[in-house]
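Here the structure is a predicted model, which means the values were calculated and not measured. What you see below is based on every heavy atom in this structure, not just the backbone, and it leaves out hydrogens, waters and symmetry mates.
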Amino acid sequence: MRRRRIAAVTGTRAEYGLLYWVLREIENDPDFDLQLIVTGSHLSPEFGNTLQEIEKDELPISWKVEMLLSGDSTSAVTKSLGLAILGFADALEHLKPDMLLLLGDRYEIFGAASAALLAGIPIAHIHGGEVTRGAWDDSLRHGITKMASLHFVAHETYRKRVIQMGESPDTVFVVGPSCLDSLRNLTLPGREELEEDLGISLNSPLLLITCHPETLSSLTGEEQIDRLLKALEKFPSATMIFTGANADSNGRIINKKIKAFSAEDPRKRAFSLSLGMKRYWGMLSLANAVVGNSSSGIIEAPLFNVPVVNIGRRQEGRIRDAFVQDCPFEEESIVRAIEAALLKVRPAEKKTLQEFQSPSELMVELLKTVPFETPKDFFDLPGGGEI
């Protein structure tokens, strides 16, 4: 019997880290052939050329979709999406997968889903049902959900949302957050190794900072980063490790401002376009606080018991841990939130990860056993709305 071809798409460092273990499970399973399609910022030197990380992992890359334009205006992003759809049309016609595996909510992933829908290729979607009101990703995620036939969600609340959107309960499965496998299986670098890699002493207080554009904000990306950097100036004794913004509109100006800010005090500030999975999570294990608006502050940082200052509305709507403190993009609010975070005492024991079932193993088993149809029917909620 022919092995089923499962194509998976990765466009950013963060989503690749979440996909890594399920890609390994698929690659090692005798029932499947893995086809990995690489796109987005992975292929851009400006955003860290993180294709090299995938090549080091020796995962088989079946196709590359070049789609990023050099500008970061909304017009450039829209044109990049158009290029993505063109590129994925070619990739899917050539590879002829039996299913397309997608994670998340970015516009390049939306482009892949659109091409698969029109090609009649079923989609399995990871991390649907979540809400992020401050970014256009929210609508893109829900759009991908409606194009997908199989859904792997992180929480029962998200499962209910996906069903509320008309997806059959028989196709929606709670597998937990995808980061669990990586956090259980990886040996993370310690302080000395990270200091050598980054060329900076990681003294306390240590802040790990990521600021992505809040694409639905009334503030420009420049105004957002300026307010954050002015707040950070109030902590001259802190060691600050910045990671790069993503390839959304205004991402480039944010990175430019952070680079200049870091260069003002290179003994205490360091900027990396991409730390990679192991170094980022190693830094999480050491940080006194996480600052910014990345989903990692909501999903991953609490597993390390790290206090989080979540700024703005980009992650508004996600389920969050008690260690996550929200504040607006206002200088004084950010200062007060960081001060409060640095006063929090981290529990001595990290959360136990071994008690959770492996999301990757569960997803691969479901890919084998769950029947799916395309096109699919709309599932109407029984009883006028109750699930």
Side-chain angles (χ1 to χ4, degrees), residues 2-45 47-68 80 83-117 119 121-127 144 147-150 152 175 178-179 181-182 185-186 246-247 274 276-278 358-368:
R2 181 176 70 83
R3 290 151 62 103
R4 294 182 69 192
R5 293 188 290 265
I6 306 292
V9 177
T10 177
T12 70
R13 65 182 192 266
E15 151 238 273
Y16 173 67
L18 298 176
L19 272 176
Y20 175 81
W21 290 102
V22 71
L23 297 179
R24 282 293 186 212
E25 288 287 336
I26 293 171
E27 182 192 30
N28 294 331
D29 195 296
D31 292 335
F32 294 126
D33 279 326
L34 174 65
Q35 300 172 319
L36 184 58
I37 304 173
V38 179
T39 188
S41 58
H42 282 309
L43 306 179
S44 171
F47 289 93
N49 198 25
T50 46
L51 172 67
Q52 296 174 355
E53 294 179 23
I54 303 173
E55 292 173 336
K56 287 179 182 177
D57 291 334
E58 298 183 343
L59 282 166
I61 298 173
S62 302
W63 202 268
K64 299 174 186 175
V65 175
E66 295 274 5
M67 42 76 67
L68 274 188
S80 293
L83 290 174
I85 294 174
L86 291 171
F88 283 113
D90 289 338
L92 298 177
E93 183 178 35
H94 177 83
L95 297 175
K96 294 180 171 56
D98 297 301
M99 172 168 272
L100 185 66
L101 181 66
L102 302 175
L103 184 146
D105 48 29
R106 289 192 50 77
Y107 62 87
E108 58 266 37
I109 302 303
F110 184 84
S114 301
L117 176 73
I121 298 169
I123 298 167
H125 184 212
I126 305 171
H127 276 285
I144 297 167
M147 290 187 272
S149 299
L150 190 58
F152 302 133
V175 299
S178 300
C179 63
D181 283 318
S182 290
N185 296 328
L186 290 176
N246 59 29
S274 174
M277 282 188 298
K278 293 177 70 173
S358 164
S360 299
E361 292 177 5
L362 182 54
M363 281 188 274
V364 169
E365 188 61 32
L366 290 167
L367 285 171
K368 292 181 183 181

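- Considering every non-hydrogen atom in both Thr10 and Leu36, the closest pair reads CG2-CD1, 4.0 Å.
- Closest approach of Ile85 to Ala115, counting heavy atoms only: O-CB, 4.2 Å.
- Here Leu95 pairs with Gln35, Ile37, Ser62, Trp63, Pro97 under the side chain to side chain contact (heavy atoms under 4.5 Å, CB included) rule; sequence neighbours left out.
- The side chain to side chain donor-acceptor pair (under 3.5 Å) analysis of residues 50-60, with sequence neighbours excluded, yields the pairs Tyr16-Asp57, His42-Thr50, Glu53-Ser274.
- Lys368 meets the salt bridge (Lys or Arg N to Asp or Glu O under 4.0 Å) test with Asp29, Asp31; sequence neighbours excluded.
- His125 places no side-chain N or O within donor-acceptor distance of the main-chain N or O of Phe152, the cut-off being under 3.5 Å.
- Remark: Arg24 engages Glu27 in a salt bridge (Lys or Arg N to Asp or Glu O under 4.0 Å) (not counting sequence neighbours).
- Side chain of Arg4 to backbone of Leu367: a donor-acceptor contact under 3.5 angstrom is found.
- Minimum interatomic distance between Met99 and Ala124 (heavy atoms only, all atoms of both residues): SD-CB, 3.6 Å.
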Discussion item. Assess the residue pair Glu25 and Asp181 against the criterion (side-chain contact (heavy atoms from CB on, under 4.5 Å)); give the C-alpha distance rounded to whole Å, side-chain angles, the decisive distance to 0.1 Å, and a yes or no.
Written reply: CA-CA 11 Å; Glu25 288 287 336; Asp181 283 318; over 6 Å; no
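- Minimum heavy-atom separation, Leu19 to Val9: CD1-O, 3.3 Å.
- Asp90 meets the salt bridge (Lys or Arg N to Asp or Glu O under 4.0 Å) test with no other residue; sequence neighbours excluded.
- When all heavy atoms of Leu100 and Ala112 are compared, the pair lying nearest together is CD2-O, 3.7 Å.
- Of the possible polar contacts, none joining the Ser360 side chain to the Ser178 backbone as a donor-acceptor pair under 3.5 Å is found.
- Note on residues 33-42: pairs passing salt bridge (charged side-chain N to carboxylate O under 4.0 Å, His left out), not counting sequence neighbours, are Arg3-Asp33.
- Between the Arg5 side chain and the Lys96 main chain, a donor and an acceptor come within less than 3.5 Å of each other.
- Annotation for Leu34 and Leu23: closest pair CD2-O, 3.6 Å, computed over non-hydrogen atoms.
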